[in-house]
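Convention: sequence-line order gives letters A, B, ...; per-chain numbering from 1. These numbers come from the heavy atoms of this one structure, side chains and all, not from hydrogens, waters or symmetry mates.
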Number of protein chains: 2
Amino acid sequence: MPRWTSRQARKSPFIPTMRELARCYQAFERLDARLLRDHGFTTSQADVIFTLGNTPGMTCKELGERTLITKGTLTGVLDRLEGKGLLDRRPSPDDGRSYIVALTPAGEEAFEATYPEHIARIGERFNQVDPRKLEKIRSTLAELRAALE
Amino acid sequence: MPRWTSRQARKSPFIPTMRELARCYQAFERLDARLLRDHGFTTSQADVIFTLGNTPGMTCKELGERTLITKGTLTGVLDRLEGKGLLDRRPSPDDGRSYIVALTPAGEEAFEATYPEHIARIGERFNQVDPRKLEKIRSTLAELRAALE
DNA sequence: TGACGAAAGTTCTAATCCGAACTAAATTAG
DNA sequence: CTAATTTAGTTCGGATTAGAACTTTCGTCA
């Protein structure tokens, strides 16, 4: 994950932007991870729990697409959450290759106990930033992403 | 790394922005990693090489601050690059606790062979985006980061 | 229907990642 | 000047990461 240095920044106009993108993303990650550690989750685990909360469950494929976790990685994350008793994998009735991943009652409980508070705590930080600016960032980042993909 | 789902996005205004930030960062990462693999580097390794290129070297601490690599991680990355003969660690003359990390001649050679081409290839993608928009993103992201740190 | 290519998940490897504990050296306090 | 604190870097443990190879099942096409 090249996080561009200021020396490089002088050479090319896009580098400071990507450098700031990396810094900002990591700052968010660190804050998120710190808050979630209090609940006993890693960010990936919480992402899975938050995605499955209040749903009837979904396939690994769909879960991977929503969380942006690669399928090879997802297997391990699901193993650990299943080991904690927070979710289970049942064979899909429609497709012999896939599983439906869903929260157990204990998992739903963990979701309810964690999600609202977490969102609230993260949200406090964002109150300091103009929502219109956030929306502007979002749309321009989407444009940038299109160029990168 | 919670990458927010659209379900969550409906609940709170900042979530779509962070979701897009994560997606954009990861898209950049993937592109970067793919291009660097051709040169036999991981993104972290390239980040170190690019940061050390054309410098007299620096301490692990400074290198970690510039690359945003945590010190515990940095040790391993440096070990591997040292194993490839691309850099060396010499005890600092000023401080008995620290080392000066610098590229070897082979490392400088790798830097010259990799950096300009890599920047050029990444830069192609950015030509599609208005530089003023990029600058706008950068400054607003910096503002956002200040709220998160 | 029977082969063949695509898709869903798992497994594997090598690298990264963070945080915490640790060692050694430097700095500060009294 | 000595004791306490801080700092630089390494080591360690648990988890995540991507990608590639692999197994099983599905879908298609002839």
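- Under the salt bridge (charged side-chain N to carboxylate O under 4.0 Å, His left out) criterion, Arg34(A) pairs with no residue at all, not counting sequence neighbours.
- Listed by chain and number, the residues in a side chain to side chain donor-acceptor pair (under 3.5 Å) with Gln128(B) amount to none (sequence neighbours excluded).
- For dA8(C), the OP1/OP2 oxygens have no side-chain nitrogen or oxygen of Ser92(A) closer than 4.0 Å.
- Considering only residues two or more places apart in sequence or on other chains, Tyr99(A) meets the ring pair (Phe, Tyr, Trp, His ring centres under 6.0 Å) condition with none of them.
- Spacing between atom CE of Met58(A) and atom P of dG9(C) amounts to 12 Å, rounded to whole angstrom units.
- In this structure Arg30(B) satisfies the salt bridge (charged side-chain N to carboxylate O under 4.0 Å, His left out) test with no other residue, sequence neighbours excluded.
- Between Tyr99(A) atom OH and dA7(C) atom C1' the separation is 15 Å, expressed in whole Å.
- Atom CG in Leu78(A) sits roughly 14 Å away from atom P in dA15(D) (whole-Å rounding).
- In this structure, Asp38(A) places its CG atom 15 Å from C1' of dC18(C), rounding to the nearest Å.
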Exercise. Do nucleotides 19-26 of chain C as a string where each nucleotide becomes B, S or -: B if the base has a protein heavy atom under 4.0 Å, S if just the sugar-phosphate does, - if no protein is that close.
Key: B-----BS
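- Across the protein-nucleic acid pair, Lys61(A) atom NZ and dT10(C) atom C1' stand 16 Å apart, rounded to whole Å.
- The neighbour count for Lys136(A) NZ, taken as heavy atoms of other residues, nucleotides or ligands under 6.0 Å away, does not exceed 12.
- The CG atom of Leu36(A) sits 21 Å away from the P atom of dG14(D) (whole-angstrom rounding).
- When the P atom of dG14(D) is taken as reference, atom CG of Asp79(A) falls 17 Å away, rounded to whole Å.
- Partner of Val101(B) under the side-chain contact (heavy atoms from CB on, under 4.5 Å) criterion, out of Leu74(B), Asp88(B), Leu87(B): Leu87(B) alone.
- For Lys133(B), the side chain to side chain donor-acceptor pair (under 3.5 Å) partners at least two apart in sequence or on another chain are Glu143(A).
- Checking dT11(D), dG9(C), dC17(C) against the side-chain heavy atoms of Ile69(B) singles out dC17(C) as nearest.
- When distances are taken from the side chain of Gln45(B) to each of dG9(C), dA15(D), dA15(C), the shortest belongs to dA15(C).
- OP1 and OP2 of dA8(D) both lie 4.0 Å or more from every side-chain N or O belonging to Ser98(B).
- One interatomic measurement links the two molecules: CG of Leu74(B) to C1' of dA8(D), which rounds to 12 Å at whole-angstrom precision.
- For Thr42(A), counting side-chain heavy atoms from C-beta on, the closest listed nucleotide (dC17(C), dA15(D), dA8(D)) is dA15(D).
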